[in-house]
2 protein chains.
Amino acid sequence: MATLRDVARLAGVSVTTASRVLNGTDRDHPVSDVARAAVSEAAATLGYRRSAAARALKNGHSHLIGVISADILDPYFAEMTRGIEIAAAQAGYVTVVANANRDPFQERSRFQALREHGAAGIIFCGSDIEGAPGTAELAREVNRALKEGTPVISLAPRSFASTTIVVDNEATAYDITVHLLTQGHEDIAFVGGLPGLAAAEMRIAGYRRAMYEHGKLPRVTGHHGMNQVTGHAATEALLAEPSIPDALICTNDESAIGALAAIWHAGLRIPDDIAIAGIGGTDTGRVFDLTSIELPLGELGRLAVECIVNPAAGVPSPPGYSIREGRTT
Amino acid sequence: MATLRDVARLAGVSVTTASRVLNGTDRDHPVSDVARAAVSEAAATLGYRRSAAARALKNGHSHLIGVISADILDPYFAEMTRGIEIAAAQAGYVTVVANANRDPFQERSRFQALREHGAAGIIFCGSDIEGAPGTAELAREVNRALKEGTPVISLAPRSFASTTIVVDNEATAYDITVHLLTQGHEDIAFVGGLPGLAAAEMRIAGYRRAMYEHGKLPRVTGHHGMNQVTGHAATEALLAEPSIPDALICTNDESAIGALAAIWHAGLRIPDDIAIAGIGGTDTGRVFDLTSIELPLGELGRLAVECIVNPAAGVPSPPGYSIREGRTT
DNA sequence: TTGTAGGCGTTATCAG
DNA sequence: CTGATAACGCCTACAA
């Protein structure tokens with residue numbers, strides 16, 4: 001690999017000058033046109049590429065943004081990640097993605113790896129499970145990072161302290177529930193979630209509040225998963241019960257798609273026999289024209305990157321959401 | 001941040017000894033138990049974290065594996081990426097993900113960024129479009145990397161030279177087509193693809209070959225997209241035509257899901273009115289019990305990592321595939 | 001078994 | 001406008 005030294009030598013200037021040209025630092029440290037030209041040409045002929053490692057060593061941090069995702073396969077998080085990646089690339093950063101399965105130990109080891117690599121900031125996608133083993137250790141690690149000046153952003157409710165950019169989970173579920181209630185649905189079941197998972201529990205709380213306020217009895221089922229497979233299974237079980245609900249509110253779009261598949265497989269009509277609504281607003285939901293709470297997933301990612309790249313700007317307030325009325329309700 | 005020097009000082013040993021303990025290099029360079037203990041303790045109390053930047057600078061490459069994905073939202077590529085991430089983490093590498101939209105210019109700039117960061121290897125997920133502008137520049141860049149010893153792996157047919165691990169796209173489409181044909185379907189249409197996109201064109205070729213061999217007329221539609229939305233649109237258009245086929249083979253599972261949604265929306269029955277098959281074997285397909293060619297996506301990712309982490313082992317032969325018979329045919 | 005010293009490629013500082 | 005030089009944190013010959 002050609003180094004800055006090589007370029008400087010070939011251009012007949014000092015490494016300092018070469019560095020200034022190649023970094024556009026020639027604002028404050030002017031460089032003659034002839035020198036600039038020589039450096040550019042030398043760099044081109046040598047195929048010079050700067051070393052991120054050396055710069056990171058010098059500057060104390062790299063242009064890396066770390067993402068710790070609960071599940072990179074879940075479109076909900078994938079859309080966030082995509083938003084992060086796009087914004088990061090625009091700002092000249094590259095995105096490091098880690099899969100952590102909501103396991104605090106995995107999260108911590110990935111977090112440490114990211115820190116070792118001098119990440120400029122680390123973003124958590126996905127909330128945590130109350131009291132899960134390893135939570136305290138992770139919190140300690142996050143705390144240290146914060147203390148040392150590395151921004152940590154959470155795009156979901158988390159039990160450790162960090163910059164948080166989230167939409168109000170309780171409110172989303174409340175709103176969608178009220179929406180179905182005013183459409184005339186009476187027996188609305190909630191499908192999906194994970195015991196202790198903050199975001200899911202908040203959604204259930206919102207659902208419950210809406211139901212109580214309208215004098216209906218809440219009914220939470222399939223509280224053991226957040227993906228298509230678990231949504232499918234939970235709905236199948238539900239359909240086998242003596243009384244089936246006339247509408248389903250699912251903890252997220254993925255569960256809703258699973259529910260939709262199950263209802264379709266059972267030969268029932270949507271929404272005539274059972275209506276379905278999700279929370280998320282992912283593309284998959286859109287193709288099935290799923291009624292859902294549309295969350296600005298990519299935008300959340302973009303905002304997180306903003307916080308890292310330009311910390312001075314302060315914490316942005318989370319963007320709003322809206323109800324997308326599809327033909328599943 | 002505590003440095004190796006600090007740890008050594010606190011432990012009362014030299015940096016060399018500290019380094020040896022902290023890297024497990026004390027195999028070839030034995031360290032006394034007391035020194036080892038002192039170093040470990042010092043590291044712990046100081047909260048020592050090694051600097052990936054410094055190591056990368058010293059070693060000439062970092063423990064980063066780059067992934068350039070056509071679309072990180074597409075489960076097909078996301079499953080590959082997940083496989084890569086898991087294998088990489090196991091080997092002590094972190095995964096850098098870049099989204100490139102099948103645009104050679106974007107691919108090139110991401111590729112360069114990855115190289116600047118000293119990636120140990122770079123993996124391409126998704127094939128390329130014949131003659132797309134920028135292809136030559138990207139090829140040149142890839143060539144340089146190869147020449148300088150950076151492994152480049154392609155998990156899809158690509159026009160530049162690189163280590164390639166792909167299943168036979170032509171054969172997969174041929175097989176699934178024959179499968180439907182022997183089930184008695186006569187008028188089978190092919191849905192989806194992108195003009196010039198290598199993987200898609202190969203699948204179409206396989207479909208054509210099977211149809212010709214069975215004396216049927218091929219019919220390719222919706223040749224302008226590979227995702228759920230385009231699959232949905234193409235199928236809607238198809239259903240509006242005077243004669244509708246009795247089966248659909250979709251270029252990938254995503255298109256197939258889109259097709260399924262369209263047929264469902266149209267009120268037709270699957271497979272009675274129209275059968276559907278995909279190619280991919282992603283989880284979403286599984287939930288809808290889609291008949292599909294099951295590709296070992298995660299495994300492909302794992303193999304790519306293998307190539308990078310352990311180049312001496314040589315290029316693995318691509319794993320096989322199988323037909324998954326669902327209830328959509 | 002332990003330590004010393006040089007250098008990886010960059011950039012900031014300071015001196016022309 | 002230009003350049004010499006000193007770090008940044010780590011690894012590893014080489015020496016003891």
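From a predicted model like this one, the values you see are computed outputs, not experimental measurements. So that the names make sense, note that chain A is the first sequence line, chain B the second, and so on, each numbered from 1.
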- Message: Regarding Glu85(A) and Asn99(B), do their side chains bring together a donor and an acceptor under 3.5 Å, going by distance alone?
- Response: no

- Could you tell me which non-hydrogen atom of Leu303(A) sits nearest to which non-hydrogen atom of Ser317(A), and how far apart they are? CD1-O, 4.3 Å

- Message: Using whole Å, what does the distance between atom C1' of nucleotide dG9(D) and atom CZ of Arg9(B) come to?
- Response: 13 Å

- Note on the structure: Taken to the nearest 0.5 Å, the spacing of Leu138(B) CG from Asp128(B) CG works out to 8.0 Å

- Give the intermediate values and the outcome of salt bridge (charged side-chain N to carboxylate O under 4.0 Å, His left out) for residues Arg302(A) and Glu299(A). CA-CA 5 Å; Arg302(A) 200 186 63 70; Glu299(A) 174 69 4; 3.1 Å; yes

- Item | No-hydrogen, no-angle side-chain donor-acceptor test under 3.5 Å, Ser19(B) and Thr16(B) | no

- Task: Sugar-phosphate atoms are those with a prime plus P, OP1 and OP2; base atoms are the rest. Using that split, label each nucleotide of nucleotides 7-16 of chain C B, S or - for protein heavy atoms under 4.0 Å, 5' to 3'.
- Result: BBBBBB----

- Nearest-Å distance, CG (Asp6(B)) to P (dC8(D))? 11 Å

- Message: Any side-chain N or O of Thr17(A) below 4.0 angstrom from OP1/OP2 of dG3(D)?
- Response: yes

- Task: For Phe124(A) and Arg158(A), work out which heavy atoms get closest and say how close.
- Result: CD2-NH1, 3.8 Å

- Message: Side chain of Pro30(B), heavy atoms from C-beta onward: which of dG3(C), dC1(D), dT1(C) has the nearest atom to it?
- Response: dT1(C)

